[in-house]
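Beneath this line is the structure, given in structure tokens, with notes to follow.
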Amino acid sequence: MAAPQGREARMATLILLVEDNADNRDIYTTILRHHGYQVAEATDGETGVRLARELGPAVILMDVTMPGMDGWEATRLIKADPATAAIPVVALTAHAMAEDRRRAVEAGCDAYLSKPVEPSRVVEEVRRQVERAAAAAE
Ligand code: MN
């Protein structure tokens with residue numbers, strides 16, 4: 001049986017957005033919902049790790065700079081837990097590229113986007129990660 005395509009398929013696809021900045025949350029959540037994704041939000045790393053476990057999202061968008069547990073640490077915990085290790089994590093970074101590339105790899109991120117991230121690039125990367133994860137699961 002053919003898998004549902006396009007917007008219909010994405011209706012059931014849950015994205016977890018971990019981001020402490022309210023404006024960024026609004027922007028990314030709005031565009032993802034516009035493209036048919038469901039979005040759960042966490043405003044800090046601890047909540048992000050907990051919701052990753054509870055909700056099992058298809059992709060996690062992880063802001064790096066957050067008070068308390070930062071996005072690198074949250075990603076390490078998500079990748080260290082067999083229940084969440086396979087969920088693609090896309091880091092949203094605001095730092096110098098070479099250093100962030102190293103940290104993203106160390107933390108176990110599957111991809112990263114440097115801020116300011118155009119909303120369309122977020123959608124594009126989410127779509128890429130969902131397709132990659134689906135292909136890996138076959
Ligand atoms: Mn932040």
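Atoms within a ligand are numbered from 1 in the order they appear, just like the ligands themselves.
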Report yes if the side chains of [X] and [Y] come closer than 4.5 Å at any heavy-atom pair, otherwise no.
X: Val126; Y: His35; value: no
X: Leu14; Y: Pro57; value: yes
X: Glu19; Y: Leu61; value: no
X: Arg103; Y: Thr93; value: no
X: Leu32; Y: Val123; value: yes

Expected list for residues 82-91: side-chain donor-acceptor pairs under 3.5 angstrom, two or more places apart:
| residue | atom | partner | partner atom | Å |
| --- | --- | --- | --- | --- |
| Thr84 | OG1 | Ile78 | O | 2.7 |
| Thr84 | OG1 | Asp81 | O | 3.4 |

Distance below 2.8 Å from the Mn ion (ligand 1): protein N/O/S atoms: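 Short answer, with waters excluded from the count: Asp20 OD1, Asp63 OD2, Thr65 O.
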